[in-house]
Structure formats: C-alpha cells, structure tokens
Amino acid sequence: MTNELLNELTFFVLAVFVGIEVISKVPTMLHTPLMSGTNAIHGIILVGALFIAAGANSPVTVILGFLAVVLATTNVVGGFVVTDRMLEMFKGRQAAAKTAETANIK
Amino acid sequence: MTNELLNELTFFVLAVFVGIEVISKVPTMLHTPLMSGTNAIHGIILVGALFIAAGANSPVTVILGFLAVVLATTNVVGGFVVTDRMLEMFKGRQAAAKTAETANIK
Amino acid sequence: MTTLYALAYLLAAILFILGLRQLSSPRTARNGNYTAAAGMVIALGATVPQLHFTGAGAVIVLVGVLVGASVGTIGARQVKMTAIPQMVALFNGAGGGAAALVAVSELLTFGSHPPINEALPSVFSIVIGSVSFAGSLVAFAKLQELMTGTPITYPGQQLVNGLIAAAIIGFVIAVLAIASIPFSFLSLMVLALILGVAFVLPIGGADMPVVISLLNAFTGLAVAASGFTLNNFALIVAGTLVGASGSLLTKLMSDAMGRSLRNVLFGAFGQVRTTAGAAAGKEGRSVRTSSIEDLATLLAYSRRVIIVPGYGLAVAQAQHAVRELADLLEKKGVEVDYAIHPVAGRMPGHMNVLLAEANVPYEQLKEMDEINDEFKDADVVLVVGANDVVNPAARTSPGSPIFGMPILNADEAKNIVFLKRSMRPGFAGIDNDLLYDPKTIMLFGDAKDSLTKLVNAVKAA
Amino acid sequence: MTTLYALAYLLAAILFILGLRQLSSPRTARNGNYTAAAGMVIALGATVPQLHFTGAGAVIVLVGVLVGASVGTIGARQVKMTAIPQMVALFNGAGGGAAALVAVSELLTFGSHPPINEALPSVFSIVIGSVSFAGSLVAFAKLQELMTGTPITYPGQQLVNGLIAAAIIGFVIAVLAIASIPFSFLSLMVLALILGVAFVLPIGGADMPVVISLLNAFTGLAVAASGFTLNNFALIVAGTLVGASGSLLTKLMSDAMGRSLRNVLFGAFGQVRTTAGAAAGKEGRSVRTSSIEDLATLLAYSRRVIIVPGYGLAVAQAQHAVRELADLLEKKGVEVDYAIHPVAGRMPGHMNVLLAEANVPYEQLKEMDEINDEFKDADVVLVVGANDVVNPAARTSPGSPIFGMPILNADEAKNIVFLKRSMRPGFAGIDNDLLYDPKTIMLFGDAKDSLTKLVNAVKAA
Ligand SMILES: NC(=O)c1ccc[n+]([C@@H]2O[C@H](COP(=O)([O-])OP(=O)(O)OC[C@H]3O[C@@H](n4cnc5c(N)ncnc54)[C@H](OP(=O)(O)O)[C@@H]3O)[C@@H](O)[C@H]2O)c1
Ligand SMILES: NC(=O)c1ccc[n+]([C@@H]2O[C@H](COP(=O)([O-])OP(=O)(O)OC[C@H]3O[C@@H](n4cnc5c(N)ncnc54)[C@H](OP(=O)(O)O)[C@@H]3O)[C@@H](O)[C@H]2O)c1
C-alpha cells in the first residue's frame with residue numbers, strides 16, 4: 001500500500017467520525033435543510049469535474065467533461081441556493097416574531 | 001512545508017473535531033471517569049519513550065530514556081486500571097440493582 | 001505552491017465541518033450554509049490555478065459552469081416550498097451523475113490495466129454515482145407526480161434485482177481483474193442506472209424524503225471515492241463527511257417516522273397494504289357533519305382553538321388561508337395556536353417551513369411536547385388535512401402500523417373539526433377512529449376551499 | 001511492513017475514538033475503557049518490532065516498563081475512592097513528564113541547528129509537558145493535604161508569573177533561532193516546571209478537579225506535539241483527541257459548578273474571599289439543636305426521609321454508616337431516598353461513586369431533577385456533610401457567588417437535619433441561612449460519628 005493511500009484512508013476514517021458526531025443531535029425540524037446542505041457540499045465533485053474537463057482533448061472526453069461540469073455546477077449552486085431559501089423561512093420566522101414584538105411595544 | 005507536515009497537520013485538525021464532538025454530550029456523572037480515561041489514552045507517549053529508550057547509547061540518554069519509560073508506563077497502566085475501578089462502581093450499581101430485582105421476584 | 005493549495009483544501013474542509021455544525025442548530029443554521037459555501041468557494045478557488053486548459057477544455061468549462069449555475073439558480077429560486085424535496089433529489093442526482101462521469105473519464109485515461117488502488121475507487125464511484133443519479137430521478141418523478149406514488153411491485157422483483165446486482169458484480173470483477181475497457185465500464189454504468197431505478201420503484205412516494213437522504217449519502221461516498229482516484233484531499237473529506245452524516249441522518253429520519261430503515265426501503269415486498277380493507281370495514285359507521293355557519297359560530301365563540309396542520313394543508317396550499325382564519329379569530333379574542341407534529345407533512349420540518357412562509361408568528365407554533373398537555377383545555381381543535389398524527393390508534397391498538405408513535409392529543413379537546421376531502425385514511429393507510437368520534441365534526445372538501453368559506457362565515461358571524 | 005505498522009496505528013486511533021464515545025454514556029462506559037486499552041495494546045504491539053535496541057536500551061526498557069507497570073497498578077488498586085482525583089493527577093503528571101523528557105531526548109539528537117518543524121513541536125512539548133508535570137504534583141499535594149488547600153497568593157504574584165512566562169518565551173526563541181544547546185532547553189524545562197507550580201498555587205483545593213482536567217488536556221497536546229517531532233501518527237491523533245476533548249471537558253466541569261473557567265483559574269487574584277466575614281456577621285443568630293434520641297425518634301416515625309450527601313460525607317468516609325442508617329429506617333417502614341446534586345462533593349460523580357461503593361441500590365439514588373419536586377412531601381431531610389447544594393441563597397440572593405446554581409429544595413421539607421461539625425460555610429465560602437431556619441435541627445460532630453450514634457439510637461427507639 002502506498003503512503004499516499006494510507007494517508008487518504010486515514011483522512012477517510014477521521015472524516016467518518018466527524019460526519020457522524022456532528023449530526024448526532026440535530027432536531028427533526030432541521031432534517032430537510034441539513035439534507036439539502038450536505039447535498040450542496042458533495043457538489044465539491046465540481047473540483048474533479050474541472051480537472052477532467054479542462055484537459056479534455058478528444059470528442060469523448062469533451063462530452064464527458066462538459067456533462068460532468070454542468071451536473072456538478074448545478075449540484076453546487078442549486079444546493080446552496082435552495083438550502084438558503086429554506087433557512088430564510090426559519091430566519092424569517094424569528095424576524096417575524098421580532099417584528100411582532102416591536103409592534104406590541106408600540 | 002513538507003508533505004509529511006501537511007498530512008500531520010490535517011490529522012491534527014480532524015482529530016480536534018472528533019475530540020470535541022465525541023465529548024459534547026456527556027452527563028456530569030461521567031466527568032471524572034472520562035477525565036481519567038482520556039488521561040490513560042495520552043499514555044500513548046510510551047510509544048515515543050520506547051523509541052528513545054531503546055536506542056539509548058550514552059549515560060544522559062539512558063537516564064532520560066529510563067525515566068521517560070517509567071513515567072509513561074505508570075501513566076498508561078495506572079490510568080486504565082484506576083478508570084476501570086471507578087467504572088466498576090457504576091456497573092456494580094446496576095448489578096446491585098439487578099440482584100435487588102431478582103430478590104424481589106422470589 | 002502545492003502547499004498553498006493543500007492548505008486551502010484543508011481550510012475548505014474545516015469550513016465544511018463548521019458549516020455542518022452550525023446547520024445542526026436552528027439559531028445558526030443559515031450561517032452554517034454560508035460557511036459551507038465559503039468553503040466551497042475556497043476549494044474551487046484553489047483548483048482553478050491548478051488546471052491546464054486545452055482549447056476545447058476552456059470552452060466546455062466556461063459554458064458548462066454557466067449552464068450549470070443558471071439551471072441551479074433558476075431551479076432553486078423558482079421551486080415552490082412544497083416541491084423542495086424533489087428539487088433536492090434533482091440536485092443530488094446531478095452530483096451522483098457527475099461523480100460517475102468523472103470516474104469514467106479517469107478510467108479512460110488509465111489504459112486497460114490500471115493499478116488497483118485507482119481502479120477500485122473508480123468503479124465504486126461509477127456504480128454508486130449512477131445508482132444515485134437514476135434513483136434520484138425516479139424519486140423526483142414520484143414526488144412531482146409524473147408517475148404513481150404507490151409502490152410498484154411485481155412477482156419475481158427481488159429475483160430480477162438480484163440478477164442486476166449479480167451482473168454488476170461480474171462487470172466489476174471484469175474491469176478490475178481482466179481488462180478495463182470502455183465496453184465493460186460503460187455496461188457497468190448502464191446496469192447501475194437500471195439498479196437505481198429498480199431500487200426506488202417499490203418504495204412509496206411518501207417515503208421519498210428518506211430515500212433521497214440515503215441517495216444523498218450515496219453521492220457523498222461516490223465523491224469520496226473519486227477523491228481517492230484523483231488523490232484529492234478536498235473530495236475525500238467533503239465526500240466522506242456527507243456520506244457519514246447523510247447515513248446517520250437517514251436513520252434519524254426513519255426513526256422520527258417511527259419506522260426502521262429496512263422497513264422503509266424493503267417494506268413493499270411481501271407486505272399487503274391494508275388501506276382498502278380497513279376503510280371498507282367501517283363503512284357502516286356514521287359521522288357527524290355540520291353547516292359552515294354553525295362551524296363559524298363555534299369557532300368565533302371559542303376561548304381557545306388549536307390548529308393541527310398536516311399533509312393535506314400542504315397539498316391544498318392552504319397555509320395562507322389558515323393564517324387568515326387564525327388572524328380573524330384572534331381579532332375576535334380567541335386564543336389560537338398551531339400544534340406541529342414532528343412528522344406532519346411529507347418531510348421533516350415541512351409544516352414549520354410552510355407556516356413560516358405564511359408569516360405565522362413564531363410563538364404560535366408549538367412543538368408536540370410543548371402543547372400536548374393543553375389540548376384538554378381547547379374548545380376546538382381544527383385538524384387541517386392531517387390524519388395519522390392525531391390517530392389514537394397509535395396509543396391504543398398494538399397491532400397498528402403506527403402503534404407507539406407519539407401523537408397529538410387532539411382527542412382530548414371538547415370539539416374536533418376535520419377539514420379533509422373524504423373518509424380516506426392518511427399516509428399510513430389505516431383508519432382513524434377519531435373521525436367517528438361523537439365529538440368530531442367533518443367538513444368535507446379541499447382544505448383551501450373550506451377555509452376560505454369559513455373565513456367568510458366567521459366575518460359574518 | 002511499515003504499511004502494517006501504519007494500519008495498526010490507524011486501528012489504535014479508531015479504538016481510542018470508539019472508546020471515548022462509549023465512555024460518554026453510563027451504560028457503555030466500562031467497555032469504553034477496555035476498548036481504549038485494546039487500542040493501546042495494539043499501538044504498543046506495533047511499536048515493539050520497530051525498535052532497534054542497544055544493550056543499555058534493552059535493559060532500561062525492560063526495567064522501566066516493569067517499574068512503571070508496578071507503580072501504576074499498585075497505585076491504582078490501593079487508592080481510596082475519595083482520593084481518586086489526586087491519583088489521576090499523579091498519572092497525568094507522569095504522562096506530561098514523559099512527554100517533556102522525550103522531547104528533550106529528541107532535541108539532543110538533532111544537534112544545535114534542528115529544522116524548525118522538528119524543533120518547534122519539541123520546545124512546545126517541553127514547556128507544556130513540564131507545566132503539566134509540576135502543576136499536577138501541586139494539585140496532588142493540595143488534595144492529599146500535604147499542603148494547604150487554600151489559595152496561596154502574595155503581592156506581586158502576577159508580576160512574578162509574568163516574568164517567568166517572559167523568560168520562557170525568551171528561551172524558546174533562543175532554542176529556535178540561535179542554537180539548540182542543552183543549557184537552553186534544560187533552562188526551559190526548569191522554568192516551565194516553576195511556572196507549573198506558580199500556576200496552580202493560587203487555585204483553591206476544591207477547584208483541583210477542574211485544574212487536573214485542564215492539565216490533562218495540556219498533556220494531550222504535549223503528546224501530540226511529540227508526535228509531530230517523531231512523525232508518529234498514533235501520538236498525534238491520540239494526543240490531539242485528549243487535548244481537544246479534555247479542553248471541552250474542563251469547560252463542562254466548570255459550567256457544572258456554575259462558574260467560568262477564568263474564574264476558577266484566576267479567581268484568587270484581587271478577590272477577597274468572604275468566608276470569615278460572612279460567618280462572623282451572623283453570630284448573633286441562634287440555631288436549634290436536639291438530642292440524638294429525639295432525632296432518632298423523629299426519623300424512625302417518619303413516613304419519608306430524603307438523604308442529601310455532600311463533601312463532608314466523603315471526608316468523613318461516612319458512606320457505609322449512612323447506608324446502615326438508611327437500611328435500618330427502611331426496615332422500620334420508612335421510605336428512604338438519596339438526592340444527588342450534580343456537583344455535590346469535590347468531583348463530578350463523586351457521590352454516585354461513593355454510594356455505589358457502599359452498595360446503595362441504584363433506585364434509591366435520585367438525580368436532582370428527578371427528586372426536586374418531592375422534597376415538599378418529605379418528613380425529614382437528612383443533610384450529611386453538605387451545605388452549598390442546599391443553600392437557598394442560590395435562588396434568592398442575586399449577589400451571592402452561587403446565585404443561579406440549581407439547588408436541591410431541601411428547604412421545602414417539614415424538618416431539616418444537618419450533620420456537620422460547625423457553623424462554618426461550605427466550599428463557596430458563603431453563609432447558609434437554612435442553618436438558622438426554624439425547621440432546621442443541627443447535629444454537630446463528624447458525620448460518621450453522628451451517624452453511628454444515630455444508628456444505635458434508632459435501634460433502641
Ligand atoms: N414529515 C415527514 O418527514 C414524513 C415523511 C414521510 C412520511 N410521513 C408520514 O406522513 C404522515 C403525516 O401525517 P399527516 O397527519 O400530516 O398526514 P396524513 O396522515 O397523510 O393525512 C393527510 C390527510 O390530508 C387529507 N388531504 C389530502 N389532500 C387534501 C386537500 N387538498 N384538502 C384537504 N385535505 C386533504 C387526506 O384525506 P382526504 O384524502 O380524505 O382528503 C389525508 O387523510 C405520517 O404517517 C408520517 O409518518 C412523514
Ligand atoms: N462536585 C464537583 O465536581 C465539584 C468540584 C469542585 C467544587 N465543587 C463545589 O463543592 C460544593 C459542593 O457542595 P456540598 O454541599 O457537597 O459541600 P460543601 O458546600 O462544600 O459543604 C460541605 C460541608 O461538609 C461539612 N463537613 C466537612 N467535613 C465534615 C465531617 N468530617 N463531618 C461532617 N461534616 C463535615 C462542612 O461543614 P463543617 O466544616 O461545619 O463540618 C461543610 O459545610 C459546591 O459549592 C460545588 O460548587 C464541586
């Protein structure tokens with residue numbers, strides 16, 4: 001096994017633990033935004049797609065690269081934007097609550 | 001920065017997150033055993049002490065190495081044993097509870 | 001220079017982790033999304049200077065990013081709040097597809113006998129990425145009602161799925177041990193696409209959120225595998241984070257519905273749904289209805305009303321109408337609260353989002369634990385398009401599929417009003433005795449129509 | 001072969017993490033300790049074949065391990081349950097000392113101009129390891145009452161500590177930038193040892209558990225730094241895990257005591273403790289006492305008695321006596337429970353461990369939240385060597401140091417009996433009005449003596 005693979009394996013193992021522990025106490029209310037947020041994070045595949053597409057030098061690789069870039073970019077951009085829209089609602093709620101409070105004070 | 005250092009830095013960062021997350025929901029009751037348990041884990045310095053001591057080739061390194069091995073071994077062995085003694089009490093409690101239940105059934 | 005890139009990737013990974021942490025708490029969730037997005041920008045920023053563009057490469061990257069960004073932004077901005085699960089499914093499928101395509105491209109460059117430590121993660125990524133892609137599309141179709149939401153089963157289905165899986169394993173071995181030729185790994189991809197479809201078909205539409213979460217975790221793992229192939233730290237860590245947290249989240253989601261993941265994914269096999277039978281068996285029993293005017297009077301002269309919104313409210317898009325009614329009642333001095341069951345609707349947090357969108361003030365939304373003791377003091381409980389979450393069978397019938405699920409104690413109120421279209425059961429497919437309760441009044445019809453009528457009647461009352 | 005070792009270290013790290021996870025839950029805690037120990041065995045097992053022994057090296061390793069293992073085992077087995085914090089302090093100090101010595105040895109081999117990425121972690125390890133070593137010894141001495149437990153302060157203390165710290169920084173720069181010669185890094189070690197002592201001296205004995213936890217985290221970081229010097233993965237990950245989790249644990253501990261970490265560590269500076277003054281100010285007030293026989297009758301004819309154990313019970317080693325009394329009362333038909341405050345005693349979980357050791361059945365131990373509503377139904381609350389945890393000032397006096405800390409509602413009971421030696425306040429150093437309450441009866445004397453007398457009197461009653 002190469003040294004590089006070993007290190008990568010280690011990163012993998014540690015990231016598994018981080019991933020599991022970070023999530024372990026999330027309230028039901030946030031399940032959907034969290035799913036959507038992690039969905040955006042795996043859009044990091046765009047990094048891989050860029051490497052492939054930038055070096056494309058044959059019809060096949062051009063097609064593959066193009067599709068990969070389109071799909072990955074959709075994933076990243078759409079993922080973050082839709083998550084933000086959802087969470088805006090939650091924030092809106094607190095803001096709404098605040099406005100209501102201010103209104104009461106008047 | 002060497003590649004090795006970079007990898008080590010990464011291990012460090014990921015381990016920081018794992019360490020913090022794993023602990024974040026421990027009940028007060030377990031604070032002392034947990035402190036004691038982690039105390040035993042840093043006895044892993046014995047690995048370093050062994051490397052130093054095994055290769056000792058001068059009076060100074062012999063003394064340093066010997067002390068390091070003694071201290072580190074004390075840390076490891078004492079740490080695990082004393083943690084176990086503490087936790088045995090907790091287990092004893094449940095066992096005691098069970099015995100009490102069985103006694104009730106009779 | 002490489003050190004700098006590596007540090008940037010490390011920073012990106014840290015931001016992803018911090019973002020996830022923040023996403024797990026309501027107060028910080030929105031910032032968490034920004035934090036993660038900042039990590040993404042840094043990772044991409046560190047990638048661009050490392051690229052060596054061919055002429056065609058520059059063009060497809062530019063056009064590809066523009067197309068993807070437009071599709072993503074427009075899709076995400078236009079989607080209605082009720083349709084968010086299917087949108088997430090689409091984005092997730094896109095990621096899975098990208099991971100599979102990247103892996104295919106890599107295998108093409110390796111020649112026919114790639115080293116095992118590059119080939120293994122590649123084929124993994126192709127299979128898992130393709131399953132996620134195809135499965136997400138089916139989930140989308142089911143939720144968007146482009147196809148039936150009921151589980152699609154046929155005799156011998158398990159055998160067929162087993163055969164597809166076996167064929168996939170065969171091709172994996174072929175690629176790894178014999179020769180990595182395009183025919184083999186393209187076949188692999190096609191078979192994995194078929195498996196993705198076959199995997200999701202027998203799962204009911206209402207279980208799609210759980211399935212999407214699972215496929216989300218799959219995509220994460222596929223991305224991590226691509227990281228192994230490309231020796232890219234950012235892909236490995238980010239992908240693994242999503243894979244691990246997504247798996248746990250999937251479990252938490254099915255737990256919240258009171259079901260095991262196994263049951264969600266494979267429940268359709270060999271289990272006859274009791275919907276029709278149960279509903280038919282009770283046909284003899286009578287229910288109480290009432291005029292809109294009488295109901296409006298009942299509501300307007302109540303001291304305390306609790307509204308229980310459910311899936312039907314989402315379908316009818318009745319959140320604004322329900323708010324109007326509540327505001328009107330409050331002006332008349334009635335105390336109004338909303339009781340939110342954790343799995344009301346079709347995705348976790350569904351009701352919170354919908355009511356927030358309708359600008360219902362935060363303090364009126366009560367979680368189940370908070371309000372369950374107060375039902376007995378309520379004069380009227382208005383159940384709008386909800387059913388399972390108030391079904392007393394969860395407490396009383398050990399044989400019921402929802403037995404043991406905590407429910408809202410609507411049955412303890414003095415009057416219970418159901419706004420639904422028929423006597424049909426809810427998602428769990430079981431009859432609800434509360435509909436036949438002497439304290440219960442049924443108001444049949446689409447939730448939004450009924451509410452609008454009620455609003456007018458209360459104004460007149 | 002190196003791959004195998006690396007995989008073994010990775011496995012060890014996984015076991016450490018799993019062990020920590022299990023340690024965080026009462027049900028699995030004991031297994032967690034075994035899991036971590038298994039990780040340690042694997043890490044050590046993978047290390048031994050990598051060693052190249054010199055003749056002397058073989059001897060010192062063998063003898064060193066035997067000596068260390070004996071000392072560790074005997075110490076850990078002989079220690080009394082009440083003395084566990086100081087034992088943990090010793091073991092922790094040993095680890096810190098070992099880390100510092102390893103770093104010194106490494107610097108010796110590097111010559112006078114080591115590369116910065118080796119030298120920096122080494123000096124870090126020397127400083128932090130030595131502080132942890134010396135600080136732990138002082139903590140031990142305070143807890144073992146080899147020296148006074150009260151904070152030791154003197155004018156200009158902060159200046160002196162500042163000068164020591166400045167000198168340390170000077171030597172660090174000397175080692176890194178000028179020359180790494182034994183004189184420099186040995187001076188560094190000596191100064192760090194002095195700093196360790198100076199750091200812990202001004203902290204009160206009762207705060208030692210928090211200090212030990214902090215020093216535990218320090219040792220973890222020193223070990224991680226040694227891992228950077230030795231390029232050893234196991235040391236880096238295990239040390240960092242302890243450093244990170246230990247830091248958080250330190251914070252959780254001071255939170256549980258209702259104080260900030262800052263206040264615990266530096267509270268002694270510039271703050272006059274109000275102990276003497278407060279106690280003196282109330283001298284005019286009278287308290288009620290009673291004969292042993294009357295108390296025994298009161299207890300024996302009660303329906304319900306709640307026992308509140310505190311630090312004094314631990315000091316007096318009265319746990320067995322208290323159990324005897326409780327058993328006796330139960331035989332007489334009295335319902336007896338123990339109310340455990342989360343920070344009763346001098347370390348978290350102290351009371352649980354002590355009572356478990358005395359075989360008090362699990363169901364009789366009630367956590368604060370569980371029992372706080374039941375005090376009003378109790379005929380007698382027997383407060384054994386506790387004080388702060390029942391002080392109503394936490395609820396009523398906004399100026400009090402313990403204001404806001406949740407306390408046991410002993411004051412709601414029909415009768416309150418205090419078993420303590422005097423009117424002196426508890427750890428927080430503030431007077432307790434409950435001692436002067438008309439419902440309160442004081443029984444002065446050592447807790448164990450008083451309890452033994454009570455047992456005899458109850459037998460006679
Ligand atoms: N939240 C989640 O994460 C999630 C995910 C998956 C599954 N689930 C499941 O979904 C269920 C949620 O319970 P629920 O009480 O919210 O919903 P439900 O039990 O599915 O009941 C919804 C009711 O709404 C009525 N309805 C549908 N369209 C309507 C319209 N346009 N106007 C008026 N009424 C309409 C239906 O009756 P008619 O047909 O008679 O109108 C139906 O009985 C639970 O069983 C839960 O386990 C939840
Ligand atoms: N558990 C933890 O983790 C932790 C850690 C650090 C600090 N603390 C602090 O410790 C305090 C714990 O409260 P607590 O109520 O358990 O203890 P406390 O408030 O310190 O009171 C203990 C009492 O026991 C009495 N006592 C001492 N020796 C005795 C003996 N031999 N026989 C009979 N009585 C004896 C003392 O009074 P006399 O001198 O009159 O006998 C003293 O008032 C809290 O303030 C908490 O914040 C807790």
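Chain naming here is simple, since letters A, B, ... match the order of the sequence lines and numbering starts at 1 in each. Atoms considered below: every heavy atom in the structure, side chains included; atoms not considered: hydrogens, waters and symmetry mates. Not measured: the values here are computed from a predicted model.
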For this session: Against chain A, work out which of Arg21(C), Met253(C), Gln364(C), His52(C) has the most heavy-atom pairs shorter than 4.5 Å and name it.
Result: Met253(C)

Exercise. What pair of heavy atoms forms the shortest contact from Gly19(A) to Ser245(C), and how long is it?
Worked result: O-CB, 3.4 Å

For this session: Considering non-hydrogen atoms only, spot the tightest contact between Asn92(C) and Asn39(A) and give its length.
Result: CA-OD1, 3.2 Å

Exercise. Which pair of non-hydrogen atoms, one from Leu51(C) and one from Ala54(A), has the smallest distance, and what is that distance?
Worked result: CB-CB, 4.0 Å

Problem set entry | Minimum heavy-atom distance Ala15(A)-Ala244(C), with the two atoms named | O-CB, 4.5 Å

For this session: Go through the steps for Leu44(C) and Leu50(A) under the test side chain to side chain contact (heavy atoms under 4.5 Å, CB included), then give the verdict.
Result: CA-CA 9 Å; Leu44(C) 292 173; Leu50(A) 287 177; 4.2 Å; yes

For this session: Apply side chain to side chain contact (heavy atoms under 4.5 Å, CB included) to the pair Phe66(A) and Val61(C), showing each step before the final yes or no.
Result: CA-CA 7 Å; Phe66(A) 177 70; Val61(C) 165; over 6 Å; no

Problem set entry | chain A contact via Ile116(C) - side chain, backbone, both or neither, heavy atoms under 4.5 Å | neither

Exercise. Between Arg77(C) and Val81(A), is there a donor-acceptor pair closer than 3.5 Å when you use the side chain of the first and the backbone of the second?
Worked result: no

Problem set entry | Contact origin within Val60(A) toward chain C - heavy atom pairs under 4.5 Å | side chain

Exercise. Heavy-atom distance under 4.5 Å to chain C: side chain of Ala40(A), backbone, both or neither?
Worked result: backbone

Problem set entry | Partner chain A: residue of Gly220(C), Gly32(C), Gly55(C) with the largest heavy-atom pair count (under 4.5 Å) | Gly220(C)

Problem set entry | CA sep, side-chain torsions, deciding dist, call: Ser24(C), Leu30(A), side chain to side chain contact (heavy atoms under 4.5 Å, CB included) | CA-CA 7 Å; Ser24(C) 320; Leu30(A) 283 178; 5.7 Å; no

Exercise. With only heavy atoms counted, which part of Leu23(C) is less than 4.5 Å from chain A, the side chain, the backbone, both or neither?
Worked result: both

For this session: Could you tell me the separation between the OG1 atom of Thr250(C) and the NE2 atom of His31(A), rounded to the nearest 0.5 Å?
Result: 10.0 Å

For this session: Rounded to the nearest 0.5 Å, what's the gap from CG on Leu64(A) to CG on Leu101(C)? Could you check?
Result: 6.0 Å

Exercise. What part of Ser58(A) gets closer than 4.5 Å to chain C, counting heavy atoms only: side chain, backbone, both or neither?
Worked result: neither

Exercise. Contact part of Ile52(A) toward chain C, heavy-atom cut-off under 4.5 Å: side chain, backbone, both or neither?
Worked result: side chain

Problem set entry | Segment of Gln78(C) engaging chain A (4.5 angstrom heavy-atom cut-off) | backbone

Problem set entry | Heavy-atom side-chain contact between Asp84(A) and Tyr34(C) under 4.5 Å | yes

For this session: Keeping the roles fixed (side chain from Thr38(A), backbone from Val242(C)), state whether a donor-acceptor pair exists under 3.5 Å.
Result: no

Exercise. Are side-chain heavy atoms of Ile23(A) and Leu252(C) found at a separation under 4.5 Å?
Worked result: yes

Problem set entry | pair Val71(C)-Val70(A): side-chain heavy atoms closer than 4.5 Å | no

Exercise. Relative to chain C, which segment of Glu4(A) carries a heavy atom at a distance below 4.5 Å: side chain, backbone, both, or neither?
Worked result: side chain

Problem set entry | Most chain C-contacting option - heavy-atom pairs closer than 4.5 Å, from Thr74(A), Val26(A), Val62(A) | Thr74(A)

Exercise. Roughly how far, to the nearest 0.5 Å, is the CZ atom of Phe16(C) from the CD1 atom of Ile44(A)?
Worked result: 4.0 Å

Exercise. Of the backbone (N, CA, C, O) and the side chain (C-beta and beyond), which part of Val76(A) lies under 4.5 Å from a heavy atom of chain C, both, or neither?
Worked result: side chain

Exercise. Taking the side chain as C-beta and beyond, is there a heavy-atom pair between Thr83(A) and Arg30(C) under 4.5 Å?
Worked result: no

Exercise. Within a strict 4.5 Å, meaning less than it, do heavy atoms of the Ser24(A) and Leu248(C) side chains meet?
Worked result: yes

Seminar exercise, completed: Minimal heavy-atom distance between Ala43(C) and Val47(A), with the atoms involved, is O-CG2, 4.3 Å

Exercise. Are any non-hydrogen side-chain atoms of Phe51(A) and Val102(C) less than 4.5 angstrom apart?
Worked result: no

Seminar exercise, completed: For Ala56(A) and Ile60(C), the nearest pair of non-hydrogen atoms, with its separation, is CB-CD1, 3.9 Å

Exercise. Which value, rounded to the nearest 0.5 Å, describes the distance between Met35(A) atom CE and Asn216(C) atom CG?
Worked result: 7.0 Å

Seminar exercise, completed: So, the part of Pro342(C) with a heavy atom under 4.5 Å from chain A: the answer is both

For this session: Answer yes or no: is there a side-chain heavy-atom contact under 4.5 Å between Ser226(C) and Ile45(A)?
Result: yes

For this session: Assess whether side chain to side chain contact (heavy atoms under 4.5 Å, CB included) is satisfied between Phe11(A) and Thr240(C), documenting all intermediate values.
Result: CA-CA 9 Å; Phe11(A) 299 148; Thr240(C) 308; over 6 Å; no

Problem set entry | chain A interface, residue from Ile84(C), Ile340(C), Thr73(C), Leu249(C) that has the most non-hydrogen pairs under 4.5 Å | Leu249(C)

Exercise. Would you say the side chain of Ile41(A) lies within less than 4.5 Å of the side chain of Leu20(C), judging by non-hydrogen atoms?
Worked result: yes

Problem set entry | Heavy-atom pairs under 4.5 Å with chain A, option from Ala58(C), Ala56(C), Ala36(C) with the top count | Ala36(C)

Exercise. So, Asn33(C) side chain and Phe80(A) main chain: donor-acceptor pair closer than 3.5 Å or not?
Worked result: yes

For this session: Report the option among Thr229(C), Thr219(C), Asn117(C), Val67(C) that has the most heavy-atom pairs separated by less than 4.5 Å from atoms of chain A.
Result: Thr219(C)

Problem set entry | Option in Leu354(C), Asp255(C), Val59(C), Leu241(C) with maximal non-hydrogen atom pairs under 4.5 Å from chain A | Leu241(C)

